[in-house]
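A short worksheet on the structure shown next.
Any value given below was found using the heavy atoms of this structure, including those in side chains, with hydrogens, waters and symmetry copies removed. Order of the sequence lines fixes the chain letters, A, B, ..., with proteins taken first and strands second; residue numbering starts at 1 for each chain.
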There are 2 protein chains.
Amino acid sequence: MRHHRQDVVARALVVLDDYGLADLTMRRLGTELGVQPSALYHHFANKQALLAAVADEILSRGARPLPDAGWEEQARASCHALRDACLAWRDGAEVVATARAFGLGGRAPYDELVGVLTGGDVDGELAATVARTLLHYVLGHAMDEQLQRQAGSAGALHAGAANPLAHDHTADVTTGVDLVLTGLRARVAGTSSTP
Amino acid sequence: MRHHRQDVVARALVVLDDYGLADLTMRRLGTELGVQPSALYHHFANKQALLAAVADEILSRGARPLPDAGWEEQARASCHALRDACLAWRDGAEVVATARAFGLGGRAPYDELVGVLTGGDVDGELAATVARTLLHYVLGHAMDEQLQRQAGSAGALHAGAANPLAHDHTADVTTGVDLVLTGLRARVAGTSSTP
DNA sequence: ACCTGAACACCGTTCAAGT
DNA sequence: ACCTGAACACCGTTCAAGT
């Protein structure tokens with residue numbers, strides 16, 4: 001039962017979806033592949049590198065071509081594609097956000113967004129800030145969403161105290177993204193009032 | 001050496017700042033307090049509950065009164081206070097963001113922001129979305145900042161490949177927050193073009 | 001009320017050695 | 001190139017029992 005790097009990533013994705021990130025251990029993944037845990041270190045330097053590869057796989061599997069439209073519409077589409085890609089796998093948002101945070105993977109959405117924004121009228125430095133703002137929002141929101149999902153399925157999390165996160169998530173994300181883009185539009189048009 | 005709940009939280013904060021979140025283990029904290037790890041379970045149901053208390057402690061120690069100003073200025077101040085509170089402790093942002101994500105603590109900044117926004121002209125549902133957008137951005141950005149800090153001190157993280165996160169963080173956060181607030185101002189004024 | 005001691009069921013990672 | 005076997009140095013958590 002010899003495996004390639006890609007087999008390991010693909011199986012890790014299945015384990016992630018079935019058991020969640022907390023139970024995606026090197027030992028369990030090894031067992032799932034019919035292999036000793038130590039064998040995984042032939043393919044990846046450590047668990048963090050494995051997870052970065054999983055993050056990139058999540059993103060590439062969920063990749064969509066940008067619509068043939070203005071940059072604002074493209075930015076919106078890019079954000080929604082990222083969200084959908086993450087939500088397609090259990091704990092997908094957390095995996096992508098963590099890999100991004102450690103600078104080990106998940107760069108594609110950032111690059112795409114910066115490209116879209118600079119393709120518009122947006123200055124390079126502002127584009128970088130806006131891209132980060134959007135990514136933090138979309139990923140943070142998707143994480144909230146997925147955590148609630150598992151909090152609902154398990155009886156976990158503190159009972160009592162009304163959950164302030166109960167919401168229509170799709171509408172919420174659209175509003176949040178539009179808010180940032182509206183702010184950007186105002187700023188690009190020179191409407192900014194605070195110097 | 002008998003301790004109260006507050007002693008444990010205070011010491012956990014010291015361990016966090018000295019060793020980082022990854023090394024804030026129940027065993028190490030026990031050792032630091034001169035106590036068996038099992039003794040901590042008299043004060044907290046589990047590690048997650050401990051970390052939630054640590055998050056709340058970080059926030060309450062960094063709390064500032066809101067300025068006597070308009071709601072927009074207050075929202076800005078609230079965001080910066082949150083950022084400063086988190087940056088005052090090693091891995092502080094991650095601790096707060098995680099507690100928030102699990103719904104176990106760190107609610108104060110959200111409540112404050114929603115209060116400020118609804119105190120302005122902002123409708124309740126929009127206020128909730130804006131508050132979440134701002135929190136995700138500020139915490140996400142602070143996490144990036146702190147991860148870079150430790151990536152710089154340790155020789156960790158992949159060499160080669162220019163780091164796209166090298167930035168002036170204070171200016172960046174101000175820009176990001178202002179962007180969202182500008183978008184909100186436009187929307188409240190009825191300038192939104194997408195229905 | 002607060003803590004000990006011992007155990008249970010796990011982790012990630014390394015490394016010599018095998019094929 | 002890919003894997004085994006065994007070890008190392010850890011984890012969080014439980015629980016009877018002590019003071």
Examine C:dC3: is either OP1 or OP2 under 4.0 Å from a nitrogen or oxygen in the side chain of B:Q36? Give yes or no. no

What does C:dA6 pair with, Watson-Crick or G-U, if both distances are under 3.5 Å? D:dT14

Would you state whether a donor and an acceptor, one from the side chain of B:T25 and one from the base of D:dG12, lie under 3.5 Å apart? no

Between A:L40 and A:L50, is a side-chain contact (heavy atoms from CB on, under 4.5 Å) present by the stated rule, with each step listed? CA-CA 9 Å; A:L40 301 175; A:L50 202 213; 5.5 Å; no

Donor + acceptor pair across side chains of A:D144, B:H136 (<3.5 Å): yes

B:H4 has its side chain closest, among D:dC11, C:dC2, D:dC2, to C:dC2

B:H42 has an atom NE2; how far is it from atom C1' of C:dA1, in whole Å? 5 Å

Report the distance from atom OH of B:Y41 to atom P of C:dA7, rounded to the nearest whole Å. 19 Å

A:S38 has a side chain; which of C:dT4, C:dC2, D:dG5 sits nearest to it? D:dG5

Given C:dG12, D:dT13, D:dT19, identify the nucleotide with an atom nearest to the side chain of B:R2. D:dT19

For B:R28 and D:dA9, what is the distance between atoms CZ and P respectively, to the nearest whole Å? 16 Å

Taking OP1 and OP2 of D:dC3, is either one under 4.0 Å from a side-chain nitrogen or oxygen of A:H43? yes

Interatomic distance, B:L33 CG vs C:dC2 P [rounded to whole Å]: 13 Å

Which value, rounded to the nearest 0.5 Å, describes the distance between B:M143 atom CE and A:T98 atom OG1? 7.0 Å

Report the distance from atom CG of B:L29 to atom P of D:dC11, rounded to the nearest whole Å. 12 Å

What's the verdict on side-chain contact (heavy atoms from CB on, under 4.5 Å) for A:E145 and A:R83, showing C-alpha distance, side-chain angles and the deciding distance? CA-CA 10 Å; A:E145 216 169 320; A:R83 174 168 177 268; 2.8 Å; yes

What interatomic distance, in whole Å, is found between C1' of D:dC10 and the corresponding atom of C:dA9? 13 Å

Could you check how far CG of A:L50 sits from C1' of C:dG12, rounded to whole Å? 12 Å

Looking only at atom P, what distance separates C:dA17 and D:dC2, rounded to whole Å? 22 Å

Would you call A:R64 and A:D84 a salt bridge, taking side-chain N to carboxylate O under 4.0 Å as the test? yes

Rounded interatomic separation in angstrom, taking OH from B:Y19 and C1' from D:dC10: 16 Å

Can you measure B:M26 atom CE to C:dC3 atom C1' for me and round it to whole angstrom units? 14 Å

How do A:P37 and A:R27 order along DNA chain D: which one's closest nucleotide is nearer the 5' end? A:P37

Check the phosphate of C:dC2 against B:H3, side-chain N and O only, distance under 4.0 Å to OP1 or OP2. Yes or no? no

